[in-house]
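These notes concern the structure reproduced below.
So you know, we letter chains A, B, ... as the sequences are listed, proteins then strands, and number each from 1.
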2 protein chains.
Amino acid sequence: MNEIARPTLDDVARAAGVSTATVSRCLNAPERVITTTRERVMQAVEALGYTPDFGGRALASRRTNTVGAIIPTMENAIFARGVQSFQEVLSKAGKTLLVASSGYDPEHEREQIGVMISRGADGLLLIGSARPQANVDYLRRRGIPYLGAWNLGGPEGHFVGFNNRAAAFDLTRRVIARGHRRIAMIGGISYMNDRASDRIDGVRAATREAGLGEIRVIEAPYGFDDGAEAFGALMTAEPRPTAVMCGNDVLAVGAMRKAREMGLRVPGDVSITGFDDIDISAVVDPGLTTVRVPHRRMGEAAAEMLLKLIDKQPVDRQIEIPTAIVERGTLGPPPAG
Amino acid sequence: MNEIARPTLDDVARAAGVSTATVSRCLNAPERVITTTRERVMQAVEALGYTPDFGGRALASRRTNTVGAIIPTMENAIFARGVQSFQEVLSKAGKTLLVASSGYDPEHEREQIGVMISRGADGLLLIGSARPQANVDYLRRRGIPYLGAWNLGGPEGHFVGFNNRAAAFDLTRRVIARGHRRIAMIGGISYMNDRASDRIDGVRAATREAGLGEIRVIEAPYGFDDGAEAFGALMTAEPRPTAVMCGNDVLAVGAMRKAREMGLRVPGDVSITGFDDIDISAVVDPGLTTVRVPHRRMGEAAAEMLLKLIDKQPVDRQIEIPTAIVERGTLGPPPAG
DNA sequence: AATCGAAATGTAAGCGCTTGCATATCACCA
DNA sequence: TGGTGATATGCAAGCGCTTACATTTCGATT
């Protein structure tokens, strides 16, 4: 492999017999260069396989056309989907997206924010609103526009997301309306995760409103097995809960599996609900009753908002993406007796 | 928000009363600066909230410590998982990962390669081996090390992946051993996707070996509904196939759903197999018989190999990650008669 | 043919950083 | 006290690019 050193603007200029300025213009403002010259230049670009150096360009033009997104993990389909549409919109606007993951760790998030700034991100997408003030200050001091997504947020900052609390509240009311009085919950880990904690809060608020007293909530990591295990634990209670509400669909499907293993019929013996409406939820049997959360729309809305923020156009402080309850088979009346 | 202009090395140097060189050394080779000075500098860095500019740094040092990965889509959990562990290993080695998606389009992949080069990637992770020669040449000319992952590849280039063809072949033999003679397949879209086409080839080779003649193969996009639809189409044949082998688990689970809707028992009336062993496969009922593909291990192995390649250390040209057949409930003997 | 203005191109400064080399500092020894 | 080598710091060039400004070119007009 006799590798060729990466050609520079200068190489192209020399090859085409013009100045670097002209080459630069060919690339960035072709209409300012006469056709014959442009063709000669482009030919040289092609021949040398020239690719402009991003660093040099960013340095000279003081623009990066780069947007960053810091998500907890790429493994969660929920984020993957939203980020995908986020990036599609950005890419149409000529921006490239840099994705980093924080592993649900605020410290790590802070680091990644540094990386993004360092790479000159024009704007940033973060998930949710629960984070140390320091992380946000860091951004504010630089005046870099940023956005919390997947949830609505506190009194300041911009958000595009769902009202997780209200959605959980509504779903719980629906469960109660079906006649359930003994409700338990498997929630996501709520530490520094406002999506998880809001969902728990919503369920609690509704059960309290109905005078059901304090319900039992087990927090579990994001995984089928974790849902199964938590479900098993909840089912040891005497008398057993008649409905188990889950903080997300993965936990719910795990719970369903465990119910089957325990010989419990769903919804005959126990009702189960989820949250997110991921693909599997329509596929399992019976179908999972859950909350539909339109991730694609959210990703798009977030991209549009961030683009406006970067352009210093006026925007609403929050955009709420509506959710909807999807009734399938896992929610039924409590068993008689 | 009275935003402060981003501080530069110069600002820090002035604030600390030293030269830019010293500040630079504090950041990159602290041991070469005396403690008292270093403390003063670090204080200034902290006070100003200085973050080094990546572009400037890359330009001056001719190093980026950046690795790129171009995957078909982030939405596919299969890639998400592998990439996640890929990046964990890289990050321990002090490299940052840039992820881009090609949307299964070679043209788009080519573009993204350009973006990666332009950002100074030290190495690149690509998926599979099926791509226009032009895409590869582009990389070769620059001497940028790259790797095909998720599959093994042709006579040249480096690969870390699975032998998709052999795995499909083995699974098919197992199906045939159970007594199936009428086998059909739902494959992924094979165009420019060697994982999909190798799996189809493997199944075909095994059925041919067993003298079962040409089997029917429907190619379907990656989605539950697509699997369901294809399954429906296959089931119109007379006589019906007794086993439907699927190119991935998503298609297989979609097929299972459709079978249920059609009133067919699995595996009583029809056996179904998948490929990948994603999370759901253990959760559906009956459990899906499939091929386990250890994505995390692959991601790690790929990262290690790429790091060596970048360091110009010797490496094996291919690393095969072993797969394993996972027998669960969806494969049984064909129905009697 | 001379003049003029617009269009095309060139010149060169500098973006923020690293680094080879020159210089300053200092502890130590003769 | 002067000299020495090691250590710490500064100076300044230059990485690849964009862009304000200067210069050249050229067609149109008089």
query: Counting just side-chain N and O atoms, does B:Thr22 come under 4.0 Å of either OP1 or OP2 of D:dG10?
result: yes

Of all heavy-atom pairs linking B:Leu9 and B:Thr20, the shortest is CD1-O, 3.7 Å

Should the heavy atoms of other residues, nucleotides or ligands under 6.0 Å from CD of B:Glu31 be counted, would the total exceed 12?
-> yes

Axis-to-axis angle across the helix from C:dA1-D:dT30 to C:dA30-D:dT1, five pairs each end, nearest 10 degrees, ~ 50°

Could you go through residues 110-119 of chain B and list every donor-acceptor pair under 3.5 Å that involves a side-chain atom there, pairing it with any protein atom two or more places apart or in another chain?
{"from": "B:Gln112", "atom 1": "NE2", "to": "B:His108", "atom 2": "NE2", "distance (Å)": "3.3"}
{"from": "B:Ser118", "atom 1": "OG", "to": "A:Pro52", "atom 2": "O", "distance (Å)": "3.2"}
{"from": "B:Arg119", "atom 1": "NH2", "to": "A:Thr66", "atom 2": "OG1", "distance (Å)": "2.7"}
{"from": "B:Arg119", "atom 1": "NH2", "to": "A:Thr96", "atom 2": "OG1", "distance (Å)": "2.9"}

Rounded to whole Å, CZ of A:Arg38 lies from P of C:dA8 at a distance of 10 Å

Those residues at least two apart in sequence (or on a different chain) that pass salt bridge (Lys or Arg N to Asp or Glu O under 4.0 Å) with A:Asp137 are none

Applying salt bridge (Lys or Arg N to Asp or Glu O under 4.0 Å) to B:Asp10 and not counting sequence neighbours gives B:Arg14

Across all chains, not counting sequence neighbours, the salt bridge (Lys or Arg N to Asp or Glu O under 4.0 Å) partners of A:Glu75 are B:Arg81, B:Arg296

Taken to the nearest whole Å, CD1/B:Ile34 to C1'/D:dT9 is 10 Å

Taken to the nearest whole Å, CD/A:Glu39 to C1'/C:dA8 is 16 Å

For B:Ala80, the side-chain contact (heavy atoms from CB on, under 4.5 Å) test, sequence neighbours excluded, returns none

Contacts of B:Thr51 meeting side-chain hydrogen bond (donor to acceptor under 3.5 Å, both in side chains) (sequence neighbours excluded), chain-then-number -> A:Tyr138

- Message: What's A:Arg63 touching, base or sugar-phosphate or nothing? Going by heavy atoms closer than 4.0 Å.
- Response: sugar-phosphate

Quick note, side chain to side chain donor-acceptor pair (under 3.5 Å) partners involving residues 32-43 of chain B, not counting sequence neighbours, are none

Separation of C:dA7 atom C1' from A:Arg25 atom CZ, nearest Å, is 11 Å

Of A:Arg32 and A:Leu27, the one whose nearest nucleotide on DNA chain D sits closer to the 5' end is A:Leu27

Per the under-4.0 Å heavy-atom filter, residues of residues 111-123 of chain A near DNA chain D come out as none

side-chain hydrogen bond (donor to acceptor under 3.5 Å, both in side chains) filter on A:Asp316, not counting sequence neighbours, yields none

With sequence neighbours left out, the residues meeting salt bridge (Lys or Arg N to Asp or Glu O under 4.0 Å) with A:Asp194 are none

Please write out the pairs of protein N or O atoms and N or O atoms of nucleotides 13-17 of chain C separated by less than 3.5 Å, giving the distance to one decimal.
{"from": "C:dC15", "atom 1": "O3'", "to": "A:Arg62", "atom 2": "NH1", "distance (Å)": "2.9"}
{"from": "C:dC15", "atom 1": "O2", "to": "A:Leu59", "atom 2": "O", "distance (Å)": "3.4"}
{"from": "C:dC15", "atom 1": "O2", "to": "A:Ala60", "atom 2": "N", "distance (Å)": "3.2"}
{"from": "C:dG16", "atom 1": "OP1", "to": "A:Arg62", "atom 2": "NH2", "distance (Å)": "3.1"}
{"from": "C:dG16", "atom 1": "N2", "to": "B:Gly56", "atom 2": "O", "distance (Å)": "3.2"}
{"from": "C:dC17", "atom 1": "OP1", "to": "B:Tyr50", "atom 2": "OH", "distance (Å)": "2.4"}
{"from": "C:dC17", "atom 1": "OP1", "to": "B:Asp53", "atom 2": "N", "distance (Å)": "3.0"}
{"from": "C:dC17", "atom 1": "OP2", "to": "B:Leu9", "atom 2": "N", "distance (Å)": "2.3"}

